[in-house]
Amino acid sequence: MTEQNELIKSRLDALEEIIKLGINPYPHRFDVSSKAREILDTFRDPTDEKELEELRSKKVSIAGRIMAIRRMGKASFCHIKDDTGKIQIYIRQNDVGEKLYSLFKLLDIGDIIGVNGFVFRTKMGEISIHADSFELLCKSVRPLPIVKEEITDTGEKIIHDAFADVELRYRQRYLDLVVNDGVKDVFLKRTKIIKSIKNTLEKYGFIEVETPTLQTIYGGANARPFITHHNALDIPLYLRISNELFLKRLIVGGFNRVYEFVKDFRNEGIDRTHNPEFTQVEWYMAYGDYYDSMNLFEEVIENACIEACGSNKITYQGTEINFSRPWRRIKMTDAIAEKNGIDVLNMKKDDIIKYMKDKHIDFDPAISHSKGLLIANLFEETCEEDLIQPTFVIDHPIDTTPLCKPLREYSMTQIEEMKKDPEQVIFVERFEPYINKWELGNSYTELNDPILQRKLLEEQAERGRGGEEDTHPFDEDFVRAIEVGMPPTTGVGLGVDRLVMLLTDSYSIRDVILFPLMKPVDSKI
RNA sequence: GGGCCCGUAGCUCAGUGGUAGAGCAUCUGCCUUUUAAGCAGAGGGUCGGAGGUUCGAAACCUCCCGGGCUCACCA
C-alpha cells in the first residue's frame with residue numbers, strides 16, 4: 001500500500017527467490033579473518049606493486065553490511081562496512097560462478113555478507129577485495145536511509161542526503177549507528193572515558209561496588225524521584241536519585257575506598273544537558289578531605305581526556321578548554337567579589353537582597369530567610385557564566401547541603417553560636433568543579449559528626465525545600481550508620497554524560513546516550 | 001509550563017490560494033575495474049491529524065499530535 005511497503009515487498013520477493021535458489025538467507029556463522037581498517041592500513045602504499053602481488057595469494061575473509069552497490073552487467077562493485085570501517089568488494093561472474101552471481105543480483109543495500117578473496121587495487125586506486133566467493137549472512141527486509149558519500153578531488157568527504165532527522169536518529173539508534181559515521185565513535189569514546197576513570201581509581205586502590213537502584217527511602221541529592229511499587233510487599237519504592245548514602249554506609253563498614261558507576265533517575269525537565277536517567281560515578285575515600293578529592297578529580301579528568309582525545313586540551317563547540325593540572329581554585333565568596341566587587345561576608349542579609357533586586361537578579365523569595373542560600377544564588381546567577389576553564393568553586397554555605405563538614409577553622413561551640421545568628425554564614429568544605437559553565441560534579445569533606453548530621457537532616461526534612469511538596473524523607477538508618485562512626489572521609493560525584501559531551505564535542509546529552517528518553521509514539525514507523 | 005520554529009515520497013529537500021515536484025533510493029532493460037558509476041524507461045504521496053475559511057487549501061485560521069531551539073524549573 002505505502003511506498004515503504006513496496007520497498008519491503010521487493011526485498012521479501014528477493015528473499016523468496018534466494019530461498020528458491022536453495023540458499024539459506026540466515027546461516028549460523030562465518031569465519032572472519034580480516035577487518036576493513038586492518039586491510040586498508042596494511043595496503044596503504046599504492047606504488048608498492050610487489051607487495052600487492054605477494055598478497056594476491058593471501059586469502060582474506062571479511063564480513064559486513066552492504067552500504068553501496070554498483071552493478072555493471074556481469075561484474076559489480078559494492079562497499080561493505082564492518083565494525084572498523086568500509087571497504088570495496090569486486091565481484092565477477094567469472095570468478096564466483098553463475099549461481100552466486102545471480103544471488104548477488106538479489107542483494108540489497110543493508111544485507112550482510114561474508115566475502116572470501118584477495119586484496120587488490122582498482123584502476124582508480126582504491127584498495128579493494130576481489131571476491132573468490134561470498135556468502136549471504138543476513139537478508140535485510142527493511143530499507144536503510146541511504147547516505148551517499150562523495151570524495152572530492154581535494155580528498156574532502158561530502159555526505160549527501162545525510163540521515164539527519166534527530167527524532168528518528170534517537171528513536172532508531174540502530175539506523176543512526178549504521179548510516180551515520182561518527183556516531184559510533186562518540187560511544188566508543190564514551191566507553192574509553194569510563195574505562196579510564198576506572199583505571200585511575202583502581203590505581204589508587206578504589207574498589208568497584210554495587211548499591212541498590214530501587215530504594216525504600218531516597219536521598220543524597222535534592223530532586224524529585226520516580227516512584228514505583230513493589231507488589232509482593234505492597235510498598236512504594238523509589239528509583240535512586242543518588243547512591244551517596246549507601247556508599248557512605250560502606251565506608252562505615254570498613255571499605256576505605258569505593259566507587260560506583262550508576263544510573264540516577266530524576267523526575268525533572270529534559271533539555272540539552274538533562275536526561276531523566278543519567279550516569280554518575282561517585283567515589284569515597286576514607287581519611288581524606290576535599291583537597292585530596294580535588295587532586296584526584298583533576299587527575300581523573302585529565303587522564304580521561306588524554307585517553308579519549310590524545311591531549312589534555314580540547315575544543316568544545318568552538319571553545320578551547322585546557323584540562324592541565326592544577327585547576328584554578330576559588331572560594332565562592334571570592335568569586336562573587338571578583339565578579340560583583342562586593343564582599344558578601346560584610347553585608348547584612350537584607351543588603352544582599354537589596355543588591356540582587358537592584359541588579360535585577362532573580363531569586364526565589366522562599367530562600368530570603370537564609371543568607372547562605374542568597375549567597376549561593378548570587379554566585380549562580382552572576383559567576384557561573386564565566387567559568388569556562390576548569391575551576392573548583394570551594395567553600396559553599398552550609399544551607400546548600402546537610403551532608404558536608406563545616407570548615408576546619410570553626411570550633412563546635414562556634415558553630416552552635418553562628419547558627420543562632422541569621423547574619424552569620426557557616427561555610428562547608430564543599431567544592432563544585434565547573435567546566436564550560438556546567439557543574440561537572442560535587443564533592444565534600446563528608447560530615448561524620450552524628451549529632452550535627454542528625455540535626456541538619458532533621459532541619460532539612462522540616463524545611464521541605466521552602467514549602468515544596470517533595471520533602472525529603474528522613475533516613476534514620478543512614479544516621480544510625482553515621483552514629484556507628486565513619487572515619488574522616490571525602491567523596492566525589494561526577495556527571496559522566498556531561499564529561500562525555502565535553503570530550504566528544506557533543507551539543508546535546510542525547511548525543512552521548514545511546515537510547516535517550518523519547519515520548520512514546522505509535523503511528524510513526 | 002512560556003516564547004519562537006519545524007512536520008511534503010524510504011532519505012535530503014523545493015513548492016505562499018489554481019491538476020503534488022527534484023535528486024538519491026526502488027522496479028525493468030543494457031553494461032566484466034566502478035565509486036554520489038552511467039544510459040533508457042517505470043512505479044511510488046490521505047502534503048503529521050481533525051475541524052474551519054474559500055468556487056478551489058500542502059499553503060490561510062483554530063485545535064490536537066510529534067519534534068527542535070530557547071527561557072523557567074532542576075541547590
Side-chain angles (χ1 to χ4, degrees), chain A residues 1-11 13-14 67-79 86 88-96 101 108-110 120-126 128 130 142-152 157-171 175 179-180 221-224 241 266-276 278 332 362-364 366-367 370 372-377 379-380 384 396-397 399-404 430 432 439 442 460 465-466 468 470 472 507-508 510 518-525:
Chain A
M1 186 171 69
T2 67
E3 171 69 11
Q4 169 90 14
N5 283 345
E6 281 185 27
L7 292 176
I8 290 176
K9 190 178 175 298
S10 91
R11 284 168 179 247
D13 289 347
M67 300 303 289
I69 304 179
R70 291 176 292 281
R71 291 183 230 268
M72 299 163 302
K74 297 184 177 62
S76 302
F77 286 93
C78 66
H79 271 96
K86 270 181 214 162
Q88 183 170 253
I89 310 290
Y90 179 52
I91 296 180
R92 290 199 310 175
Q93 184 171 288
N94 288 4
D95 300 315
V96 302
Y101 200 76
D108 290 295
I109 289 170
F120 78 115
R121 185 179 298 278
T122 65
K123 275 183 187 167
M124 300 302 289
E126 181 169 347
S128 309
H130 191 127
R142 189 175 283 272
L144 289 176
I146 297 303
V147 174
K148 287 239 163 187
E149 280 176 14
E150 179 184 5
I151 313 288
T152 62
K157 195 196 253 184
I158 301 173
I159 307 290
H160 296 273
D161 302 335
F163 178 55
D165 182 323
V166 287
E167 183 187 356
L168 285 179
R169 285 185 46 221
Y170 297 146
R171 286 190 193 279
L175 288 182
V179 143
N180 288 331
N222 270 358
R224 268 181 289 175
I241 57 172
R266 297 187 183 176
N267 209 336
E268 315 277 2
I270 298 174
D271 64 30
R272 165 157 110 82
T273 56
H274 294 85
N275 194 62
F278 63 101
M332 182 180 278
D362 277 341
F363 69 96
D364 183 351
I367 66 165
S370 163
L373 291 179
L374 287 166
I375 289 171
N377 198 97
F379 165 78
E380 280 166 25
E384 277 189 6
H396 298 219
D399 285 355
T400 60
T401 171
L403 297 163
C404 183
R430 172 184 192 177
E432 287 185 326
E439 279 175 56
N442 186 20
Q460 191 205 240
R465 296 185 66 206
E468 265 188 49
D470 50 313
H472 264 250
Y507 183 75
S508 165
R510 289 174 153 187
M518 302 292 284
K519 266 198 191 179
V521 72
D522 38 29
S523 60
K524 201 149 187 171
I525 303 152

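Naming: A, B, ... by sequence-line order, numbering from 1 per chain. The analysis underlying the following values was restricted to heavy atoms, covering all of them including side chains, and did not include hydrogens, waters or symmetry mates.
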**Check: A/Tyr507 main-chain N/O paired with A/Arg272 side-chain donor or acceptor under 3.5 Å** = yes

- Which is true for A/Ala164 with a 4.0 Å heavy-atom rule: it touches a base, it touches only sugar-phosphate, or it touches nothing? sugar-phosphate

Here the distance between atom P of B/C27 and atom CG of A/Asp13, to the nearest Å, is 10 Å

Comparing nearest nucleotides in RNA chain B, the 5'-proximal residue of the pair A/Arg272, A/Arg71 is A/Arg71

Residues at least two apart in sequence or cross-chain that pass side chain to side chain donor-acceptor pair (under 3.5 Å) with A/Asn180, listed by chain then number, are A/Asp176

| request: Answer with base, sugar-phosphate or nothing: what part of the nucleic acid does A/His396 contact at a heavy-atom distance below 4.0 Å? | output: nothing

- Kindly indicate whether a cation-pi arrangement holds for A/Arg169 with A/Phe163, taking the cut-offs as under 6.0 Å to the six-membered ring centre and within 45° of the axis. no

Self-check item: Whole-Å C1' distance, B/C60 and B/G17
Solution: 8 Å

Notebook entry, point to check: Per the atom types in the model, does the base of B/U32 pair as donor or acceptor with the side chain of A/Gln93 at under 3.5 Å?
Noted result: no

Mate of B/C39 across any strand shown (Watson-Crick or G-U wobble, both atom pairs under 3.5 Å) is B/G29

In whole Å, measure the gap between the P atoms of B/G67 and B/U28 for me. 38 Å

- prompt: Which is true for A/Gln88 with a 4.0 Å heavy-atom rule: it touches a base, it touches only sugar-phosphate, or it touches nothing?
  reply: base

Quiz item: Do A/Ser370 side-chain atoms and A/Ile367 backbone N/O form a donor-acceptor pair below 3.5 Å?
Solution: no

Determine the contact category for A/Arg266: base if any of its heavy atoms lies under 4.0 Å from a base atom, sugar-phosphate if only primed atoms, P, OP1 or OP2 are that close, otherwise nothing. nothing

Picking from B/U32, B/U26, B/U35, the nucleotide nearest the side-chain atoms of A/Met124 would be B/U35

Here the distance between atom P of B/U34 and atom CD1 of A/Ile109, to the nearest Å, is 19 Å

Ranking B/G67, B/C11, B/U34 by distance to the side chain of A/Val166, first place goes to B/G67

_Sugar-phosphate, base or nothing in reach of A/Asn94, heavy atoms under 4.0 Å_ = base

The Watson-Crick or G-U wobble partner of B/G17, with both key distances under 3.5 Å, is none

Review point. When rounded to the nearest Å, what value does the distance between C1' atoms of B/A9 and B/G18 take?
Key: 23 Å

Which of B/G66, B/U34, B/U33 is nearest the side chain of A/Ser128? It is B/U34

Whole-Å distance, A/Arg70 CZ to B/A25 C1', equals 15 Å

Here the distance between atom P of B/A9 and atom CG of A/Leu168, to the nearest Å, is 12 Å

Side chain to side chain donor-acceptor pair (under 3.5 Å) between A/Arg430 and A/Thr401: does it pass, once the steps are laid out?
CA-CA 9 Å; A/Arg430 172 184 192 177; A/Thr401 171; 5.1 Å; no

For A/Thr122, which contact category applies under a 4.0 Å heavy-atom criterion: base, sugar-phosphate, or nothing?
base

Testing B/G44, B/U32, B/G67 for proximity to the side chain of A/Ala75, the answer is B/U32

When rounded to the nearest 0.5 Å, the distance separating CD1 of A/Ile270 from CE of A/Met518 is 9.0 Å

Between A/Gly269 and A/Lys123, whichever has its closest RNA chain B nucleotide further toward 5' is A/Lys123

When rounded to whole Å, the CD1 to P distance for the pair A/Ile270 and B/U70 reads 15 Å

With the side chain defined as heavy atoms from C-beta on, A/Glu167 is closest, among B/G67, B/U32, B/C11, to B/G67

How far does the P atom of B/C13 sit from the matching atom of B/G51, given to the nearest Å?
30 Å

Under a 3.5 Å limit on both distances, the Watson-Crick or wobble mate of B/A58 is none

Checking N1-N3 plus N6-O4 or O6-N4 for Watson-Crick, or N1-O2 and O6-N3 for wobble, each under 3.5 Å, the partner of B/G23 is B/C11

Separation of the C1' atoms in B/C11 and B/C69, to the nearest angstrom: 23 Å

- Query: Can you tell me if the side-chain N/O atoms of A/Tyr170 get under 4.0 Å from OP1 or OP2 in B/G66?
  - Reply: no

Between B/G2 and B/U53, how far apart are the two C1' atoms, rounded to whole Å?
29 Å

In Watson-Crick or G-U wobble terms, with both distances under 3.5 Å, the base opposite B/C69 is B/G3

Rounded to whole Å, the CD-P distance (A/Glu268 to B/C74) equals 8 Å

query = What integer number of Å spans the P atoms of B/G44 and B/A20?
reply = 15 Å

Of the listed B/A36, B/U33, B/U34, the closest approach to the A/Glu150 side chain comes from B/A36

note: A/Phe77, atom CZ; B/C31, atom P; distance rounded to Å ~ 17 Å

**Prompt:** So what does A/Asp271 touch, heavy atoms closer than 4.0 Å: a base, only the sugar-phosphate, or nothing?
**Reply:** base

Which of B/U34, B/U26, B/C11 is nearest the side chain of A/Ser10? It is B/U26

*asked:* When you measure from the side chain of A/Arg266 to the backbone of A/Ile241, do you find a donor-acceptor pair of N or O atoms at a distance under 3.5 Å?
replied: yes

Query raised in the report: P atom, B/G15 versus B/U34: distance in rounded Å?
Result: 38 Å

- Does A/Arg171 make a side-chain N or O approach to OP1 or OP2 of B/G67 shorter than 4.0 Å? yes

message: Would you call the rings of A/His130 and A/Tyr90 parallel, tilted or perpendicular, taking 30° and 60° as the class edges?
response: perpendicular

Re B/C63: Watson-Crick or G-U wobble partner, both distances kept under 3.5 Å, found to be B/G49

Sugar-phosphate only, base, or nothing, as touched by A/Phe379 at under 4.0 Å among non-hydrogen atoms:
nothing

If pairing means Watson-Crick or G-U wobble with both distances under 3.5 Å, then the partner of B/C74 is none

In whole angstroms, the gap separating P of B/U35 from CE of A/Met72 amounts to 9 Å

Minimal heavy-atom distance between A/Val179 and A/Leu144, with the atoms involved, is CG2-CB, 4.4 Å

